[in-house]
2 protein chains.
Amino acid sequence: MTSPARRLRSDALRNRERVLAAAEDEFAEQGIDASVSDIARRAGVAKGTVFSHFATKEELIVAVVANHLAELKEVAERLGKAPDPGAALLEFLTVAGDRRRQRDLTFLMSASADDATVTEIRNSLHADVSALVDRARAGGAIRHDVTGTDVFLLICAPVHVVENLPGAPADLWLRYLAIIFDGLRPAGASPLPRPAPDWT
Amino acid sequence: MTSPARRLRSDALRNRERVLAAAEDEFAEQGIDASVSDIARRAGVAKGTVFSHFATKEELIVAVVANHLAELKEVAERLGKAPDPGAALLEFLTVAGDRRRQRDLTFLMSASADDATVTEIRNSLHADVSALVDRARAGGAIRHDVTGTDVFLLICAPVHVVENLPGAPADLWLRYLAIIFDGLRPAGASPLPRPAPDWT
DNA sequence: CGTTAAAATGACCAGTCGGTCAAGTTAAGT
DNA sequence: ACTTAACTTGACCGACTGGTCATTTTAACG
């Protein structure tokens with residue numbers, strides 16, 4: 001959870017976390033247009049309380065996104081020490097995809113893309129993912145012309161593919177992760193038509 | 001363009017098409033929350049005129065989406081007669097991706113997913129894509145365990161991947177189309193963990 | 001021309017939004 | 001128990017939304 005900047009009174013701290021949790025749920029269900037009033041009701045507080053913790057809706061979004069990215073970063077760090085680098089990368093993509101499936105917050109990410117806090121955590125996660133990719137490449141698990149940035153960009157793709165197919169089983173996205181991961185493997189790789197993008 | 005239901009007066013027909021074009025641009029730029037007032041201003045008409053052609057905003061969205069899908073269907077039909085089936089499938093994905101890159105209307109698709117007109121055109125496009133995929137599979141260009149529905153779902157993935165990377169060159173998405181298409185090829189294919197979804 | 005039905009207009013409506021703030025409530029230190 | 005600063009509350013504000021409709025404009029036809 002994001003750290004409250006100063007020492008908070010006990011009720012304030014409790015409400016702050018309730019609001020954050022409610023916001024995460026509400027944004028995931030209603031999209032970026034979820035209203036602050038609804039978030040407040042869900043958290044069991046008045047609207048004014050929400051604005052006393054987060055000055056603007058934008059600030060609330062930033063806090064939710066920062067939480068989300070920080071959780072992913074923990075996973076990436078843990079897997080950086082796993083024995084099989086290829087399996088570690090695939091597991092990271094599996095965990096990240098599953099989080100994304102449970103709560104789609106990508107629209108929040110683009111909404112808060114310019115925020116300094118979010119940028120910092122995102123860069124840090126990017127570095128961890130790049131480390132996973134470098135190890136996997138060195139281990140021969142993925143093709144040599146694929147970079148950490150490539151994989152970072154591809155994280156959400158498998159879930160996105162399945163997002164607008166209402167009747168689908170919850171884990172159908174694993175099928176598309178497998179297809180895309182096959183595209184990352186060395187076997188049968190064809191030359192890529194464009195160079196990998198730099199990060200920042 | 002979508003056909004006007006009855007015979008329209010000349011100014012009405014002209015304004016109808018202006019509104020449709022303005023709506024497509026405005027939605028692509030502002031997202032689904034683009035206001036009808038803005039669309040009207042962009043089309044050079046009053047707000048009431050928009051609502052005289054499309055009773056609700058929803059109806060306007062449906063018309064834009066239907067246009068978009070119909071254009072894609074023309075491309076798929078044309079490529080159904082191309083000599084090299086593997087190249088034809090790749091070209092369809094290239095054209096579809098490029099359209100998607102120019103105007104992102106996917107959020108409109110999900111907004112109008114339940115509409116009968118949209119459903120009909122979408123099913124029809126799905127059939128054409130499936131035909132392309134079947135020919136490509138028969139020609140050995142793609143793996144045997146990938147279906148038309150798989151490819152239909154994957155259409156927007158390459159562009160989506162790149163969407164939140166602001167500084168990127170416009171055609172970077174071709175890199176991810178190549179990676180994903182490599183995942184569709186027979187060489188180095190690993191077994192897929194989930195069965196392909198049916199298309200209701 | 002003149003006539004008329006079709007179409008365009010924009011002020012207007014009710015509802016919702018993000019955000020404010022004076023007044024009331026409460027946790028914490030003594 | 002008393003005090004006080006921290007915190008919560010919800011009525012309120014201006015801006016904006018999708019949608020309506022009485023009025024005015026205009027294309028089409030004789």
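This is a predicted model, so every value here is computed, not measured.
Annotation: side chain of Arg78(B) is not in contact with side chain of Phe92(B) (no heavy-atom distance under 4.5 Å).
Among dT9(D), dT26(C), dA28(D), the nucleotide with an atom closest to any side-chain atom of Thr49(A) is dT9(D). Closest to the side chain of Lys57(B), from the set dG19(D), dA8(C), dT9(D), is dG19(D). Of the candidate nucleotides dA28(D), dG19(C), dT9(D), dA28(D) has the atom lying nearest to any side-chain atom of Ser10(B). The side chain of Phe51(A) has dT20(C) as its nearest neighbour among dT9(D), dT20(C), dA28(D). When distances are taken from the side chain of Asp11(A) to each of dA6(C), dT9(C), dT8(D), the shortest belongs to dT8(D).
Side-chain atoms of Lys47(B) and base atoms of dG19(D) include a donor and an acceptor less than 3.5 Å apart. Evaluation of atom-type donor-acceptor distances gives a pair under 3.5 Å for the side chain of Arg9(B) against the base of dA6(C).
Side-chain polar atoms of Asn67(B) and Glu71(B) form no donor-acceptor pair below 3.5 angstrom.
The shortest distance between the side-chain N/O atoms of Asn15(B) and the OP1/OP2 oxygens of dA8(C) is below 4.0 Å. For His53(B), a side-chain nitrogen or oxygen approaches OP1 or OP2 of dA8(C) to under 4.0 Å. Checking the phosphate oxygens (OP1, OP2) of dC17(C), a side-chain nitrogen or oxygen of Ser35(A) falls inside 4.0 Å.
Comparing the start and finish of the helix from dC1(C)-dG30(D) to dT30(C)-dA1(D), five pairs each, the helix axis swings through 10°, to the nearest 10 degrees.
The two atoms that bring Arg175(B) and Asp145(A) nearest to each other are NH2-O, 2.7 Å, heavy atoms only. Here the closest non-hydrogen pair linking Phe107(B) and Ile32(B) is CE1-N, 3.3 Å.
Rounded to an integer number of Å, the gap from Leu13(A) CG to dA28(C) C1' is 15 Å. Between the CZ atom of Phe54(B) and the P atom of dA8(C) there is a distance of 11 Å, rounded to whole Å. Here the P atom of nucleotide dA8(C) and the CZ atom of Arg41(B) are 19 Å apart, to the nearest Å. One can place CD1 of Ile39(B) at 17 Å from P of dC16(D), the figure rounded to the nearest angstrom. What separates CZ of Arg14(B) from P of dA27(D) is a distance of 7 Å, to the nearest Å. A straight line from CD1 of Ile32(B) to C1' of dT17(D) spans 14 Å, rounded to a whole angstrom. Protein atom CG of Leu8(B) is 10 Å distant from nucleotide atom C1' of dA6(C), rounded to whole Å. Atom CD in Glu59(B) sits roughly 15 Å away from atom P in dG18(D) (whole-Å rounding).
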So Arg185(A) and Asp182(B), salt bridge (Lys or Arg N to Asp or Glu O under 4.0 Å) or not? Walk me through it. CA-CA 9 Å; Arg185(A) 291 185 206 276; Asp182(B) 274 355; over 6 Å; no
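Across all strands shown, Ala40(A) has no heavy atoms under 4.0 Å from either base or sugar-phosphate atoms.
Toward the 5′ end of DNA chain D lies the nearest nucleotide of Asp38(B), the other residue of the pair Asp38(B) and Gly48(B) mapping further downstream.
To the nearest 0.5 angstrom, Arg103(B) atom CZ is 12.5 Å from Phe27(B) atom CZ. The NE2 atom of His160(B) sits 6.0 Å away from the OG1 atom of Thr106(A) when rounded to the nearest 0.5 Å.
Side-chain N or O atoms of Arg16(B) include none that pairs as donor or acceptor with a backbone N or O of Val50(B) at under 3.5 Å.
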